[in-house]
Amino acid sequence: MAAGELRAVVATSSLDLGIDWGAVDQVIQVGAPKGVARLLQRVGRANHRMDEASQAFLVPANRFEVIECAAAIEAVAAEELDGEPPRPGGLDVLAQHILAMACHAPFHPDALYAEVSRAGAYAALTRQDFDDTLRFVEDGGYALRSYDRFRRLFRDAEGLMHVRGPAVARQLRLNLGTIVDSPSLKVRLRGGPVLGEAEEMFLTSLTPGDAFLFAGQVLKFEGITGTVAECSRGAEGDPRIPTYAGSRLPLSTDLSRRVRGILSDPARWPHLPPDVQEWLRLQQYRSALPGRDDLLVETFPRGNRWFLVAYGFEGRLAHQTLGMLCTRRMERLGWGPLGYVATDYVLAVWSAFEPTDPAALFVEDLLGEELEEWIAESSMLRRTFRSIATIAGLLEKNHPGIEKNRRQMTVNSDLIYDVLRKHDPEHILLRATRAEAATGLTDVGRLATLLKRVQGRVVHRRLNRVSPLAVPALIEEGREWVAGGAEDALLAEAAALVNDATDGADAFNETLAELTDELTVRGARDLARVPHSQRTRRRESGRMRQGGRR
Amino acid sequence: MICAPLHLAGERLMLCPSGTLHWPAERSLIVSDLHLEKGSAQAARGYLLPPYDTRETLGRLAQAIRRHAPSRLILLGDALHDDAALDRMATSDLVALRRLLSGLDVIWIAGNHDPSPKALPAWPWRNGGNAASSSGTSAAGRLPATRRR
């Protein structure tokens with residue numbers, strides 16, 4: 001790459017930042033950029049020189065993304081950068097810092113607290129939290145004080161904290177850093193060499209006999225022993241492709257505001273592609289357009305279920321949380337919620353009974369009890385705990401080249417999480433985990449803003465069938481619950497949806513069919529985690545297009 | 001979840017969801033790899049894992065014993081995580097362990113993690129009174145003879 005021998009590189013966001021790499025002629029951004037600053041950063045990779053303009057192609061993957069790209073271009077032209085406000089510093093990082101400071105030189109807790117709270121991220125750090133974190137570094141900070149013997153720090157007569165010995169310092173250095181890998185397993189050919197590593201999440205979703213593509217060959221999955229996934233040659237059937245989950249950033253707040261602005265104002269549509277304009281006009285005719293500051297909620301029956309689609313435009317994470325909370329509330333209201341799906345743009349919930357008064361769902365007290373309940377039991381918290389425990393120095397990172405012997409078997413972070421919750425619920429790491437979950441993965445802050453904004457402004461449209469804008473969301477819906485060979489049914493359904501929404505308007509049928517086509521391709525790629533999902537994609541895309549023209 | 005039967009050499013053994021094996025005909029409960037004090041072993045290495053693992057394990061074992069009311073407990077090995085495990089164990093846990101084993105005929109097979117036999121006098125059931133003890137290969141000899149047909 002650096003030598004300029006590659007004609008093209010297909011990259012994730014990993015090439016966005018920090019790599020100064022001059023000879024890029026053209027950037028092609030596939031999918032919506034999700035943020036203005038992110039788009040600029042990416043485009044800036046091309047012609048990376050002070051005095052020359054950078055150019056890029058944007059390739060939106062569906063109609064919503066067309067609007068999002070248009071909004072992003074507008075924002076760039078208006079020189080309005082977005083960005084998330086900095087988050088308060090984590091206690092796990094603080095724990096690592098405290099131990100690192102002790103390894104550097106003895107320190108006095110008062111002085112270190114004064115120094116740490118001068119940093120912006122820790123300006124709001126209370127002395128109590130600091131002291132608790134310090135105690136965690138010292139002896140684990142457990143309510144049961146049984147680790148006096150294993151203290152990592154000791155206090156001298158003048159109150160200075162010293163590190164106990166070189167072993168502690170060595171251990172700190174080995175674990176320094178705040179990036180935690182997702183757990184991975186080795187992939188080994190049975191009776192042969194190790195071929196590489198893949199994410200545990202992907203490998204554990206395979207069943208013995210499944211075919212998957214790895215290291216340029218199609219392998220048959222045999223099973224997992226310890227930290228090794230055994231496989232053999234001679235697999236049958238379409239292979240699945242390993243996925244590396246990474247993190248998908250949600251649509252930024254500013255961009256979301258611009259998207260809502262474009263949607264609600266037909267005067268700004270002329271520079272959108274004609275088919276997108278058509279799509280929006282049809283939505284305006286059949287239902288309503290999402291407004292700048294309100295919340296459009298559509299309900300309609302379909303099959304034996306009722307659907308509720310809320311156009312929040314607050315990003316996938318916030319919508320996911322909203323979906324979880326809404327379904328809990330619907331349960332209480334007796335509407336019989338059956339499931340939900342969240343995208344960057346909408347939340348779609350389906351239920352057994354008609355949601356008669358959707359405004360009752362989008363109220364601010366949703367963030368009270370229901371949120372607490374959910375956060376306590378969600379598996380997302382376990383993932384968060386794992387990285388917090390690793391950063392704070394409770395768990396070892398995997399060191400390259402150091403094989404753990406049997407006495408140092410890997411410690412299961414889920415187990416530790418459960419034990420802590422049971423015996424020490426107020427432990428500092430659990431507090432840190434809850435705080436992190438509230439800001440990061442659940443995006444509660446954004447959800448709160450949304451609920452506040454739409455109080456008294458919920459626009460409810462009760463329709464007798466799906467609206468044009470809702471079609472993409474419902475296709476996503478199919479994507480969530482479909483598994484195994486059910487794709488046929490899904491695609492037939494998608495075709496029917498297209499017919500439903502367009503009611504025979506031929507030209508529009510065509511464009512929506514294209515749209516659903518694109519969506520399905522993306523869906524199938526994401527579906528790589530669900531067994532057998534890849535099998536019939538191509539064949540069915542074609543069939544669906546036919547269905548759309550019907 | 002309920003226990004699932006497993007037939008082995010003409011005997012019916014019950015695989016229990018608690019992770020134990022129950023042998024109703026012999027009124028025996030069989031457990032393995034308790035690794036008591038694994039947490040504190042990590043703590044000694046500088047990873048201060050929660051000190052509740054022994055308490056948790058003993059609690060689960062007590063539950064299984066209450067449920068099946070065996071007269072014999074067979075530990076298949078690695079009941080303790082390492083040689084010094086008993087020294088590190090909290091007093092309350094030691095007491096709980098003794099109480100748990102005191103009314104039972106205990107067959108403790110030493111695994112590679114368990115303390116070496118020379119540390120035997122310190123093993124809990126010695127002080128616990130009426131329990132029998134054994135170690136290593138000799139323990140196998142103490143297993144009740146399987147009824148052959």
Side-chain angles (χ1 to χ4, degrees), chain A residues 95 99 103 135-153 163-175 385 389-390 392-397 404-413 415-430, chain B residues 1 17-20 31-64 76-97 109-116 119:
Chain A
L99 188 56
C103 292
R135 245 207 76 209
F136 166 78
V137 176
E138 268 186 278
D139 65 359
Y142 300 105
L144 182 70
R145 293 177 169 256
S146 57
Y147 283 167
D148 255 8
R149 269 168 298 180
F150 310 121
R151 284 173 177 280
R152 287 186 292 196
L153 304 179
V163 66
R164 194 190 62 197
V168 175
R170 188 169 59 238
Q171 177 206 321
L172 169 93
R173 285 188 200 107
L174 281 170
N175 290 296
F385 176 78
T390 309
L394 187 66
L395 301 174
E396 276 176 287
K397 283 188 185 172
K404 289 197 172 69
N405 67 37
R406 282 207 42 166
R407 268 170 204 259
Q408 306 171 3
M409 280 175 296
T410 46
V411 180
N412 183 329
S413 78
L415 216 57
I416 294 176
Y417 177 74
D418 288 335
V419 164
L420 265 187
R421 267 187 70 194
K422 185 169 166 192
H423 297 281
D424 218 338
E426 286 309 307
H427 190 262
I428 183 101
L429 290 191
L430 291 187
Chain B
M1 283 200 286
S18 61
T20 60
V31 297
S32 174
D33 292 87
L34 300 182
H35 283 272
L36 298 176
E37 292 302 311
K38 180 175 169 181
S40 59
Q42 293 280 331
R45 296 179 49 240
Y47 295 96
L48 301 169
L49 297 185
Y52 307 110
D53 55 323
T54 300
R55 191 198 278 188
E56 181 73 24
T57 307
L58 292 179
R60 290 186 193 184
L61 183 59
Q63 228 170 28
L76 290 186
D78 291 358
L80 295 170
H81 188 66
D82 57 25
D83 290 1
L86 282 178
D87 302 335
R88 290 194 311 265
M89 200 179 289
T91 321
S92 60
D93 290 338
L94 263 180
V95 170
L97 179 60
I109 299 169
N112 61 326
H113 277 262
D114 283 313
S116 55

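In what follows, chains are A, B, ... by sequence order, proteins preceding strands, each numbered from 1.
Distance check, rounded to the nearest 0.5 Å: OH of B:Y47 to CG of A:N175 gives 4.0 Å.
The contact between B:R88 and chain A is made by backbone and side chain atoms together, counting heavy-atom distances below 4.5 Å. Proximity to chain B (any heavy atom under 4.5 Å) is restricted, for A:Y147, to the side chain, taken from C-beta onward. Neither the backbone nor the side chain of A:A389 comes within contact range of chain B; no heavy atom of the residue lies under 4.5 Å from a heavy atom of that chain. Residue contact with chain B, scored on non-hydrogen atoms closer than 4.5 Å, is absent for A:R151. Residue contact with chain A, scored on non-hydrogen atoms closer than 4.5 Å, is absent for B:A90. For A:L394, the parts lying near chain B are the backbone and the side chain together; criterion is any non-hydrogen pair under 4.5 Å.
The choice from A:V168, A:L172, A:L415, A:D424 that makes the most heavy-atom pairs within less than 4.5 Å of chain B is A:D424.
For A:Q171 against B:R45, the heavy-atom pair with the smallest separation is OE1-O, 3.5 Å. The nearest pair of heavy atoms linking A:Y142 to B:L49 is OH-C, 3.2 Å. B:P50 and A:L420 make their closest contact through CG-CG, 3.7 Å (heavy atoms, listed as atom of the first residue, atom of the second, distance). Shown here for B:L48 and A:E138, the closest heavy-atom pair between the two residues is CD1-O, 3.8 Å. B:Y52 and A:V419 make their closest contact through CB-CG1, 3.6 Å (heavy atoms, listed as atom of the first residue, atom of the second, distance).
The salt bridge (Lys or Arg N to Asp or Glu O under 4.0 Å) test applied to B:R60 returns B:E56, not counting sequence neighbours.
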